[in-house]
Amino acid sequence: AWVDRLGRPQPALPVTGRFAEPRLSPDGRWIALTRLDPTRQIWLFDRTRGVLSQLTHSAGVSFDPLWTHDGRGIIHIVETPVYDIARTSLDGSSDTIIASPKDKYPDALSPDGRVLAYSEIGAGRRIFLAPLGGSVIPKPLDGQASRRWNAAFSPDGRWLAYTADGGENQSQIY
């Protein structure tokens, strides 16, 4: 739903259904979202034309869309059977960009679109930084094996905020 400044909701889509993880494109024209029925796949809603269409057609599930900086594609989770990270362009072509034996979740793209911050679940949850567009191996944010997730770049790309386990069921923002 869209919510105006007075808190009044209005439907954002022309249909009802089970949707999650809505993300506006950089230009505001599109909404990428996960449609939960019949299987989790990524759909696009063109706000200009009022058209909802399926983007991903994975054999497993695809979810958790994250727009590329130029608005021409989506970075998302694809089940292979672990959760790997793929990039799907708006024309439907897709490729896996990060694959490993552990589940991964895309958190944020740097403002210039060159670095992906993602969380990997293993012994804890760690944040990795992966340069895109090359064969450079992703590097962990730091040597800590504790729980770290939900990375977000600052608008100028100089800082990375993230959530970390603060102990005793408390999370902290760093």
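Bear in mind that the values here come from a model prediction, so they are computed numbers and not experimental data. Along the sequence shown, residues carry numbers from 1.
In this structure, R40 forms a cation-pi arrangement with F63, its terminal cationic atom sitting closer than 6.0 Å to the ring centre and no more than 45° off the ring axis.
Of all heavy-atom pairs between P106 and I75, the closest is CB-CG2, 4.1 Å. Closest approach of P111 and P155 over heavy atoms only: CG-O, 3.1 Å. Annotation for D27 and S25: closest pair OD1-OG, 2.7 Å, computed over non-hydrogen atoms. Nearest heavy atoms, S62 versus V78: OG-CG2, 3.9 Å. Across all their heavy atoms, S119 and I127 have their closest contact at OG-CG1, 4.2 Å. Scanning all heavy atoms of the two residues, the minimum distance from P9 to G7 falls at CD-O, 3.3 Å.
No hydrogens or angles considered: nothing links the side chains of H76 and T56 as a donor-acceptor pair under 3.5 Å.
Following chains of ILVMFWY side-chain contacts shorter than 4.5 Å, one cannot reach W149 starting from Y162, and the two form parts of different hydrophobic clusters. Under the 4.5 Å side-chain contact rule for hydrophobic residues, V3 and L13 do not share a cluster. Hydrophobic clustering (side-chain heavy atoms under 4.5 Å, transitive across Ile, Leu, Val, Met, Phe, Trp, Tyr) keeps L109 apart from V115. Under a hydrophobic-cluster definition in which Ile, Leu, Val, Met, Phe, Trp and Tyr are linked whenever side-chain heavy atoms come within less than 4.5 Å, directly or via other members, L66 and L132 are assigned to the same cluster.
Atoms CD1 and OG1, on I77 and T80 in that order, are 11.0 Å from each other to the nearest 0.5 Å. Taking CD1 from I97 and OH from Y118, the interatomic distance works out to 9.5 Å, rounded to the nearest 0.5 Å. Distance check, rounded to the nearest 0.5 Å: CD of Q172 to OH of Y174 gives 5.0 Å. Atom CZ of F19 and atom CG of D37 lie 8.5 Å apart (nearest 0.5 Å). Taking CZ from R18 and OG1 from T34, the interatomic distance works out to 11.5 Å, rounded to the nearest 0.5 Å. Rounded to the nearest 0.5 Å, atoms OG1 (T68) and CG (L90) are 7.5 Å apart.
The main-chain N or O of K102 is found under 3.5 Å from a side-chain atom of K104 such that the two form a donor-acceptor pair. Under a 3.5 Å cut-off, the side chain of T96 and the backbone N or O of I98 do not form any donor-acceptor pair. Put simply, the side chain of W67 gets close to the backbone of R23: a donor and an acceptor are under 3.5 Å apart. Without hydrogens or angle criteria, R87 side chain to G73 main chain gives no donor-acceptor distance under 3.5 Å. Not one N or O on the side chain of D46 forms a donor-acceptor pair closer than 3.5 Å with the backbone of G50.
A ring-centre distance under 6.0 Å is found for Y83 and Y105.
Annotation: side chain of P11 is not in contact with side chain of W2 (no heavy-atom distance under 4.5 Å). Considering only heavy atoms from C-beta on, L33 stays 4.5 Å or farther from L44 through its side chain. In this structure, the side chains of L129 and L160 come closer than 4.5 Å at one or more pairs of heavy atoms.
The environment of R114 atom CZ is sparse: at most 12 non-hydrogen atoms of other residues, nucleotides or ligands sit within 6.0 angstrom. Around the CD1 atom of I137, the shell of radius 6.0 Å holds no more than 12 heavy atoms that belong to other residues, nucleotides or ligands.
Looking at residues two or more places apart in sequence or on another chain, you find a side chain to side chain contact (heavy atoms under 4.5 Å, CB included) between Q54 and Q41, W43, H57. By the side chain to side chain contact (heavy atoms under 4.5 Å, CB included) test, N150 pairs with D107, T163, sequence neighbours left out. Not counting sequence neighbours, F153 has no partner by the ring pair (Phe, Tyr, Trp, His ring centres under 6.0 Å) test.
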